[in-house]
Amino acid sequence: MTDAHTDIPRPEYPRPQFRRDRWLNLNGTWGFEIDRGDSGLERGLRDAELAGEILVPFAPESTMSGIGDLDFHHSVWYRRALHVPAEWAGMRVLLHFGAVDHDATVWVDGVEVGRHRGGFSSFTFDVTDAARFGEDVPLVVRARDEPHAPQARGKQGRTYEPFGAHYWRTTGIWQTVWVEPVPEAAIRRPRITPNLAGGSFDVEVPLSANVPGARVAVIVSDGSGEVVRSEVRADLDLAPRLTLPLPEDRRRLWSPADPFLYDLRFELTAEDGRVLDTVDSYAGLRSVSITGKAIRINGEVVFQRLVLDQGYYPDTLMTAPTDADLVRDIELSLAAGFNGARLHEKVFEERYLYHADRLGYLVWGEFGDWGCNSREGESTNQQPDASFVQEWLEVLERDYSHPAIIGWCPMNETWQAYGDRITALDDVMRGMFLATKAYDTSRPVLDTSGYAHRIPESDVFDSHQYEQDPAEFAAHFARLSEGDPFVNPSPTTGESWSIPYRGQPFFVSEFGGIWWNAAEADATESSGWGYGERVRNLEEFYARFEGQIAALSDHPDMFGYCYTQLTDVFQEQNGLYHFDRSDKFDVARLRAAQTRPAAIVAVHPELGGRT
């Protein structure tokens, strides 16, 4: 099946940076049943026809799924026929899930083929031994999603209805399901590291097995044809490494102004020259570096005008209705004057990153663990455990090679005082930070966005500030140049929850959230929610927005900011666009406020130009 098949939802190839020609999309109508007591295994649901139907990959809480049940779902079951084409015989068959929330068990023809815990990361099971080539066999998935378990759940609420900044839940399959055939010795996900200083790509090519006499080749091409190729033996290492130097006259950098992508082809060949496996990919040649308090892209200071993107949709929740909707969200952000986003409280599907790569849109890769703490005996939104580290490593493996990702932030708004005892939060945060630095030495890492910073080695420091008055907002950062930034305090004691700031690059990674709903402008009470008091009219909104933007873009010691948020989301009425993505404000005016000249060059001329 190819991308041309449009008779199923989300028919496009789900993994553009690691692509094979042969694959089969399993989206569409599946059997479905809600298992409220999580007793389905004992009641025989694994081997039975299910009571209803659902449209995959949309979650049962969404209307697009055909279910639209917003209650808690402790367990749900899926069933469909899996038909592996007869011509795939002799190959290994891999079953891929873009994401299943939260705890998945999968059976093929009654045989358990794997389990996976984590609602945000992609995973794969080898189903060769359970499938039958050329025949239909049952494929069954059970997904458990305990609303009060210590799991990463992002913005999914633990009460029935959304409130504040909590939204409806997502249970079960919410990204594309698909199968592909691979040879016994196959190429696994390559790691592509741009080496701008050396004018090359450094590539690591993991293999599922080594074949005596085999070789692996990597070919880099641009619009004019082949640029460079490199080849090494593939029978000595499980992950052969290659360097591909680009001729100076064929070097073209990836940047927001020119998001140029090279095509890469990976070929695994046998000793007699037979091609065993072929994978297509792409890469961008760019660097990320830190000079003082500035973050540079390709050696140039690029002021990061980021927007908080929650990635929710009215009828499909965390799943984009179509691939075009992913593109549209990036284009809406660019139109309003932003050059990137914090991908907030969920791991966005890989198609989004592909579009960010080709559109030159800067993003910070993040995880969905909002409000995490380990305070015993108290209610908490999410509690840290080992699954956070496991799932985050899966995210890093999938997304490492995307040039649009310019930083990582494994945790968000950790809510816990810094005391004299090491807690589970300290352990998990350090584990996630070290895992990130071990997996990727090429990008800066922020230990947590806002509130309880714990890692002295963190490359970046930040805070969240939702003060609405522009003058008071600016005053919170008046002492940043003296090494005394605003840090988020405990809401009860007013004391900082963080270790001391040590002069890293600093940005306000959440601010704004200005509350406006034209339909309720004259109402004394509102059904919605936003930060601070609602503005009374559009001009009051523009005054706040422009004042807050100016306070940060003119600050000599800020490398960027992140405005909350791109769109309204359910009850949150603080987006720059309506939830349906229609215009809410004068987009040209929003853009003008963000693209005015900033002051960093005058204050720090040694940093060069800032764009």
Side-chain angles (χ1 to χ4, degrees), residues 1-3 5-15 23-35 40 45-46 48-70 73 75-84 93-108 113-116 118-125 127 131 136-145 156 168-180 311-323 325-326 346-352:
M1 181 175 294
T2 67
D3 295 359
H5 287 67
T6 58
D7 56 339
I8 56 175
R10 299 304 308 271
E12 61 282 342
Y13 193 81
R15 198 180 59 188
W23 69 293
L24 182 66
N25 194 322
L26 299 184
N27 291 346
T29 301
W30 292 48
F32 180 77
E33 189 165 331
I34 296 171
D35 179 11
L45 288 186
R46 185 191 65 185
E49 294 299 318
L50 301 178
E53 292 183 339
I54 190 170
L55 189 64
V56 169
F58 304 115
E61 292 90 347
S62 71
T63 57
M64 188 73 80
S65 71
I67 305 294
D69 188 329
L70 295 168
H73 304 310
S75 180
V76 294
W77 290 77
Y78 296 80
R79 184 183 184 93
R80 66 157 288 159
L82 173 62
H83 183 90
V84 177
V93 180
L94 302 183
L95 172 62
H96 302 285
F97 292 86
V100 179
D101 197 344
H102 174 78
D103 183 335
T105 306
V106 180
W107 295 267
V108 173
V113 295
R115 303 179 182 185
H116 180 265
F120 294 115
S121 57
S122 304
F123 59 98
T124 298
F125 298 137
V127 301
D136 287 354
V137 295
L139 165 60
V140 176
V141 179
R142 180 190 62 193
R144 289 164 158 161
D145 194 16
Q156 300 178 65
W168 292 111
R169 291 157 295 282
T170 291
T171 300
I173 298 170
W174 66 277
Q175 288 185 31
T176 292
V177 186
W178 53 293
V179 289
E180 68 171 343
Y312 273 76
Y313 302 85
D315 298 325
T316 55
L317 304 180
M318 289 202 299
T319 311
T322 69
D323 190 58
D325 288 287
L326 299 173
K346 65 175 245 193
V347 177
F348 281 50
E349 60 178 280
E350 197 171 356
R351 294 285 309 185
Y352 181 98

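Numbering starts at 1 and runs along the sequence shown. Computed from a predicted model, the values in this text were never measured in an experiment.
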Hey, does Leu55 have a side-chain heavy atom less than 4.5 Å from the side chain of Pro9? yes
Any donor and acceptor pair, going by atom type alone, linking the side chain of Thr176 with main-chain N or O of Gly98 inside 3.5 Å? no
Hydrogens and angles aside, do Glu61 and Thr171 bring a side-chain donor and acceptor to less than 3.5 Å of each other? yes
Quick check: does any side chain N or O of His102 sit under 3.5 Å from a backbone N or O of Gly119, one acting as donor and the other as acceptor? yes
Closest contact, heavy atoms only, Met318 versus Asp101: CE-OD2, 4.3 Å
Return yes if some donor-acceptor pair links the side-chain N/O of Glu33 with the main-chain N/O of Ala51 below 3.5 Å, else return no. yes
Gly114 to Phe125 - nearest heavy-atom pair and separation: C-CZ, 3.4 Å
Would you say Tyr78's side chain and Ile173's backbone share a donor-acceptor pair under 3.5 angstrom? yes
Are the side chain of Asn25 and the backbone N or O of Arg10 linked by a donor-acceptor pair below 3.5 Å? yes
Starting at CD1 of Ile34, measure out to CD1 of Ile54 and round the result to the nearest 0.5 Å. 8.0 Å
Would you say the side chain of Trp30 lies within less than 4.5 Å of the side chain of Val177, judging by non-hydrogen atoms? yes
Atom pair CE/CG of Met64 and Asp315 - distance to nearest 0.5 Å: 5.5 Å
Determine, step by step, whether Leu45 and Val140 satisfy the side-chain contact (heavy atoms from CB on, under 4.5 Å) criterion, reporting the C-alpha distance in whole Å, the side-chain angles of both residues, the deciding distance to 0.1 Å, and the verdict. CA-CA 9 Å; Leu45 288 186; Val140 176; over 6 Å; no
Does the plane of the ring in Phe97 sit parallel, tilted or perpendicular to the ring in Phe123? Use 30° and 60° as the thresholds. parallel
With a 4.5 Å cut-off on side-chain heavy atoms, are Leu26 and Leu95 touching? yes
Gap between atom OH of Tyr313 and atom CZ of Phe58 - 0.5 Å precision: 11.0 Å
Using side-chain heavy atoms (C-beta onward) and a distance below 4.5 Å, is Val84 in contact with Val179? no
Output yes when a side-chain donor or acceptor of Arg142 lies under 3.5 Å from a complementary backbone atom of Asp103, and no otherwise. no
Is the backbone N or O of Thr170 less than 3.5 Å from a side-chain atom of Gln156, with the two atoms forming a donor-acceptor pair by type? yes
Without swapping roles, check the side chain of Asp35 against the backbone of Gly40 for a donor-acceptor pair under 3.5 Å. yes
Between CZ on residue Arg80 and CG on residue Leu50, distance to nearest 0.5 Å: 13.5 Å
Taking every heavy atom of Ile67 against every heavy atom of Pro60, the minimum-distance pair comes out as CB-O, 3.3 Å
Check Pro138 against Arg79 and note the closest heavy-atom contact, atom names and distance. CB-NH2, 3.5 Å
Minimum heavy-atom separation for Ser65 to Gly68, with atom names? OG-N, 3.8 Å
Could you give the distance from CG (Leu24) to CH2 (Trp178), rounded to the nearest 0.5 Å? 11.0 Å
Residues Ala143 and Gly172: closest non-hydrogen pair is CB-CA, 3.7 Å
Quick one: ring pair (Phe, Tyr, Trp, His ring centres under 6.0 Å) partners of His83, sequence neighbours excluded? none
Interatomic distance, OG1@Thr105 vs CZ@Arg46, rounded to 0.5 Å, equals 11.0 Å
is_close_aromatic(Tyr312, Trp168), centroid dist under 6.0 Å: no
Please verify the inter-ring angle class for Tyr13 with Trp23; under 30° counts as parallel, over 60° as perpendicular, anything in between as tilted. perpendicular
